[in-house]
Amino acid sequence: MLDARFIIENSEKVIQSLLQRGYDPGIIKEFLGIEDERRSLLIEVERLRQQRNELSEIISKIKKEGRDASTETQKAKNVSELIKEKEEKLKDLEEKSKTLLLNIPNTPHESVPVGKDETENVEIRRWGELPVFDFEPMNHWDIGEMLEIIDFERASKIAGARFAIMKGMGAKLERSLINFMLDLNTSRGYKEVFPPIIVNRDSMIGTGQLPKFANELFTILDPEFYLIPTAEVSVTNIHRNEILSEKDLPIYYTAYTPCFRREAGSYGKDVRGLIRQHQFNKVELVKFVKPENSYDELESLTRDAEDILQKLGLPYRLVSLCTGDLGFAASKTYDLEVWLPAQQRYREISSCSNFTDFQSRRAGIRFRREGKKGTEFVHTLNGSGLAIGRTLIAILENYQQKDGSVIVPDVLKPYMGVNVIR
RNA sequence: GGAGGGGUGGCCGAGUGGUUGAAGGCGACGGUCUUGAAAAUCGUUGUAGGGAAACCUACCGUGAGUUCGAAUCUCACCCCCUCCGCCA
C-alpha cells in the first residue's frame, strides 16, 4: 500500500507509474475525491468531539459541586447524537478510502525498464554453457515416466489435473533439493523457519494477495483460511504489527513450504508436466531491511538465488521485469530463468523482488532508529531460492543421457547417495 | 468438544464510570557525581491522524451497545493459558 499522503502530494507521479504498469489511473482520481471528503469530515467530527469532551468536563465539575447539570447534559446529548451521525458517514468514507488504497499497486523503481508486457523485459546477464546433445533431448515428463519417478496419471485420480506423485528417486530428488537449498541458504546467514502454510485473511492482505487476487488462492471456509501461494506470505507476516529495533535489522529468513495456486485463467498453458502445478514445493528467501539498503539487498538476494543454480550447474539468465510485467506489490523484480533443453527456452525458476515499504505499510512492520523519535516502515524483499519442482525439471532435462538416465549434479550426490538416476 | 482464568505502553504490572494516555517497576535516552565506568540521583521516554504552531482527536484484544462521559458496565467475536475429553 502506498502512503495516502504521498499519493495526495505526488498524484501526477503516481498516475504516471500506473500508466506504465498498464493500470487504469482512474482509481487515483477517485481516491483523491474520497480522501478530500474524508479529511474535511474528520476535522468536523474532531471538532464536535472536542466540544463533547469539554462539556463532559464541565458536567463533572458541576456534579462535584452538587449543582444541577441538566442543561449541560442535554446540550452534550445533542452533540453526541450529531457525532454519531457524522461518524457513520466518516466510517463509510474511511472504508472506501482504504479499499481504494489496497488496490493501488506499488510504484516501480526508476531503474525498472518501461514496457508493456513480458516481451519487453530486459536481459541483464547469462550464465553457464547450454548443454549439447548428440540425441533428441526428452521432455522431463517423458524422462520422469520412463524412470518411473513421476506419476501424473495416478495423481489426477487422487486429486485432479495439475498434481503429481513423486516416486522413488524422484521423491528423493525433491527432498534432496529442499535440503541442499536450505543448507546453502542457512550457511549464508538466512535463518531457517518452517511456518504455517494456512494463513488468515490479515496475512494475505499484509503481503498484497488480498483483496485484489482472491481468485488465485485456495480457500478454506469456516473458519476463513487461505492456503499460501508462496512462503512469502507466512514468513513476511511473522513480524506483522511489530516495531523492530534498528539493531535487529537486517533479518534474513529462509523457508521451505509447499505452495498452492489456483492457476485460474491458465487453461491450456503448460498443461503437461511439472511446470505449472496446483501444489508445489519452494524454498524461499525473505529479508527485512532498512530502507536505504533495500536495493543493494535485492542485488545480494538475487546473487544468493543465482548461486544455487551455479552450484547445480544449471544454465540460466537474469532478466529485469519491465513495468508492464511487474507484480502488484513489487517496485523492482529480477526473474531467474533456467534453460530447459526440451523447450529450447529459458523458464522462470525464481523471482526476486523489492517491495520497499508497500508490504510493511499494509502489515504494520516498523522499526525504530537508535536515538531517534518515531518509527519507520522496514523494506521487505523476497525471492525463490528456488522453486523445487522447476529445479527438478531443469536437472532431469539438462543432465539427461542418451540411455534415458540422469546424472546427479555433484552438489546433490551426498544428498542422493547415488551418482546417476536410472 | 466441556470447565475455568486472562488479554493494558518496548517489556513487566496497577487501575473506584469523570484532568487516567493511563500509578509503579524494568529497559532506553539525557544531565549531575566520577580520571573513566559502575553505583547513586534528577529529568525525558507509546502509536497514529489533523494543524505553520499553540494545540486538538483517536487508540487499554476486536466489534457493537448503555451513558453527557467507558480501560472501567453489557453483549458478541478473536486470541492466549490451565484442567478434562478426543486425536497424529
Side-chain angles (χ1 to χ4, degrees), chain A residues 1-9 31-102 194-206 210 220-226 234 237-249 251 258 288 290 357 360-378:
Chain A
M1 163 170 93
L2 298 179
D3 181 20
R5 186 189 284 272
F6 177 83
I7 299 174
I8 292 164
E9 288 170 0
F31 174 76
L32 292 175
I34 297 278
E35 210 25 38
D36 197 46
E37 220 179 312
R38 184 187 74 83
R39 274 171 202 245
S40 55
L41 188 59
L42 179 66
I43 289 166
E44 205 177 329
V45 168
E46 289 194 346
R47 259 191 216 126
L48 286 169
R49 285 205 273 237
Q50 184 181 354
Q51 241 179 72
R52 183 200 60 196
N53 291 347
E54 283 165 2
L55 279 168
S56 286
E57 206 172 315
I58 291 168
I59 291 166
S60 160
K61 271 183 193 152
I62 292 175
K63 288 210 166 164
K64 267 183 195 157
E65 291 166 12
R67 294 190 285 122
D68 174 51
S70 54
T71 321
E72 287 75 10
T73 304
Q74 186 57 45
K75 222 162 136 186
K77 196 170 187 164
N78 292 342
V79 174
S80 278
E81 271 163 24
L82 192 57
I83 290 174
K84 209 168 173 179
E85 216 175 281
K86 303 247 177 200
E87 273 179 343
E88 263 172 55
K89 278 189 217 160
L90 183 64
K91 206 180 155 187
D92 185 51
L93 287 171
E94 275 168 354
E95 259 165 42
K96 279 186 184 148
S97 167
K98 183 84 196 238
T99 302
L100 289 170
L101 213 46
L102 287 175
F194 188 55
I197 58 180
I198 292 177
V199 301
N200 59 30
R201 192 180 165 76
D202 285 344
S203 293
M204 284 295 183
I205 290 173
L210 289 179
I220 297 170
L221 304 169
D222 187 37
E224 187 182 72
F225 282 126
Y226 297 84
S234 305
N237 278 286
I238 287 175
H239 294 296
R240 174 151 52 84
N241 291 333
E242 287 187 18
I243 300 174
L244 304 165
S245 56
E246 186 174 16
K247 61 177 188 296
D248 294 337
L249 299 174
I251 297 171
F288 301 80
K290 289 199 263 181
D357 57 359
S360 59
R361 182 173 288 109
R362 286 173 165 246
I365 309 170
R366 294 171 291 171
F367 78 104
R368 206 188 302 276
R369 287 192 198 270
E370 308 272 343
K372 274 209 171 175
K373 269 189 87 78
T375 58
E376 289 175 53
F377 291 107
V378 303

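All values reported here derive from a predicted model rather than from experimental measurement. Just so it is clear: chains get the letters A, B, ... in the order the sequence lines come, proteins before strands, and each one is counted from 1.
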- Message: Using the rule given for side-chain contact (heavy atoms from CB on, under 4.5 Å), can you reason through A/Arg366 versus A/Leu244, listing the C-alpha separation, both sets of side-chain angles and the distance that settles it, and then say yes or no?
- Response: CA-CA 6 Å; A/Arg366 294 171 291 171; A/Leu244 304 165; over 6 Å; no

- Quickly work out the A/Glu94 CD to B/U57 C1' distance and round it to whole Å. 12 Å

- Item | Watson-Crick or G-U wobble mate for B/G9, both contacts under 3.5 Å | none

- Which whole-number value in Å describes the distance from A/Ile83 CD1 to B/U57 P? 11 Å

- Query: Among residues 38-50 of chain A, which contact RNA chain B at a heavy-atom distance under 4.0 Å?
  - Reply: A/Arg39, A/Leu42, A/Ile43, A/Glu46, A/Arg49, A/Gln50

- Does the side chain of A/Thr375 get closer than 4.0 angstrom to OP1 or OP2 of B/A48 through an N or O atom? yes

- Message: Nearest whole Å is fine: how far is B/A48 C1' from A/Arg5 CZ?
- Response: 12 Å

- Write down the distance separating the P atoms in B/A54 and B/A64, rounded off to the nearest Å. 32 Å

- Query: Is there a donor-acceptor pair under 3.5 Å between the side chain of A/Ser203 and the backbone N or O of A/Val199?
  - Reply: no

- Task: Classify the nucleic acid contact of A/Lys247 as base, sugar-phosphate or nothing, counting any heavy atom under 4.0 Å across all strands shown.
- Result: nothing

- Item | C1' atoms of B/G30 and B/G69, separation to the nearest Å | 39 Å

- Message: Nearest whole Å is fine: how far is B/G17 P from A/Lys63 NZ?
- Response: 14 Å

- Item | Rounded distance in Å between the C1' positions of B/G43 and B/G17 | 34 Å

- B/G4: pairing nucleotide in any strand, Watson-Crick or G-U under 3.5 angstrom: B/C81

- Message: Please determine whether a side-chain nitrogen or oxygen atom of A/Ser60 lies at a distance below 4.0 Å from atom OP1 or OP2 of B/U19.
- Response: no

- Query: Taking side chain as C-beta onward, heavy atoms only, is A/Thr375 less than 4.5 Å from A/Phe367?
  - Reply: no

- Message: Could you tell me how far B/G65 sits from B/U72 if I compare only their C1' atoms? Round to whole Å.
- Response: 15 Å

- Message: Closer than 3.5 angstrom, by distance alone: can the side chain of A/Arg52 be matched with the main-chain N or O of A/Val79 as a donor-acceptor pair?
- Response: no

- Message: Taking the basic N atoms (NZ, or NE/NH1/NH2) and the acidic carboxylate oxygens, is any pair closer than 4.0 Å for A/Glu65 and A/Lys61?
- Response: no

- Query: Do side-chain atoms of A/Arg240 reach the backbone of A/Gly206 as a donor and acceptor pair under 3.5 angstrom?
  - Reply: no

- Message: Taking atom CD as the centre, does A/Glu57 end up with more than 12 heavy-atom neighbours from other residues, nucleotides or ligands that are less than 6.0 angstrom away?
- Response: no

Pairs under 3.5 angstrom, nitrogen or oxygen only, protein versus nucleotides 60-63 of chain B, please.
none

- Identified pairing partner of B/U16, criterion: Watson-Crick or G-U wobble below 3.5 Å: none

- Partner of B/C29 under the Watson-Crick or G-U wobble criteria, both distances under 3.5 Å, comes out as B/G43

- Message: Using whole Å, what does the distance between atom C1' of nucleotide B/G17 and atom CD of A/Glu57 come to?
- Response: 15 Å

- Would you classify A/Asn53 as touching base, sugar-phosphate or nothing, given that sugar-phosphate means primed atoms plus P, OP1 and OP2, and contacts are heavy atoms under 4.0 Å? sugar-phosphate

- Note on the structure: Checking N1-N3 plus N6-O4 or O6-N4 for Watson-Crick, or N1-O2 and O6-N3 for wobble, each under 3.5 Å, the partner of B/U66 is none

- Sticking with atom C1', work out how far B/G13 lies from B/G25, rounded to a whole angstrom. 8 Å

- Task: Provide the Watson-Crick or G-U wobble partner of B/U35, both distances under 3.5 Å; none if there is no partner.
- Result: none

- Could you give the CZ-to-P distance, from A/Phe377 to B/A48, as a whole number of Å? 8 Å

- Item | Exam field: side chain A/Ser234 to backbone A/Pro195, donor-acceptor pair closer than 3.5 Å | no

- Note on the structure: note: A/Lys61, atom NZ; B/C68, atom P; distance rounded to Å ~ 20 Å

- Item | Check: A/Val378 main-chain N/O paired with A/Ser360 side-chain donor or acceptor under 3.5 Å | yes

- Do you know the tightest heavy-atom contact between A/Phe377 and A/Gly364? CE2-CA, 4.4 Å

- Query: Rounded to whole angstroms, how far apart are CZ on A/Arg366 and C1' on B/G9?
  - Reply: 13 Å

- Task: Quote, to the nearest angstrom, the P distance that separates B/C79 from B/A22.
- Result: 33 Å

- Sticking with atom P, work out how far B/C73 lies from B/C60, rounded to a whole angstrom. 14 Å

- Message: Looking at every non-hydrogen atom in both residues, tell me the closest pair between A/Leu82 and A/Leu48 and how far apart they are.
- Response: CD2-CD2, 3.9 Å

- Message: For the C1' atoms, the ones on B/U82 and on B/U45, what distance do you get once it is rounded to whole angstrom?
- Response: 37 Å

- Backbone N/O of A/Glu95 and side chain of A/Thr99: donor-acceptor pair under 3.5 Å: yes

- Across all strands, who's sitting opposite B/C60 as a Watson-Crick or G-U wobble pair, both distances under 3.5 Å? none

- Selection from B/G18, B/U47, B/G69 that lies nearest to any side-chain heavy atom of A/Arg52: B/G69

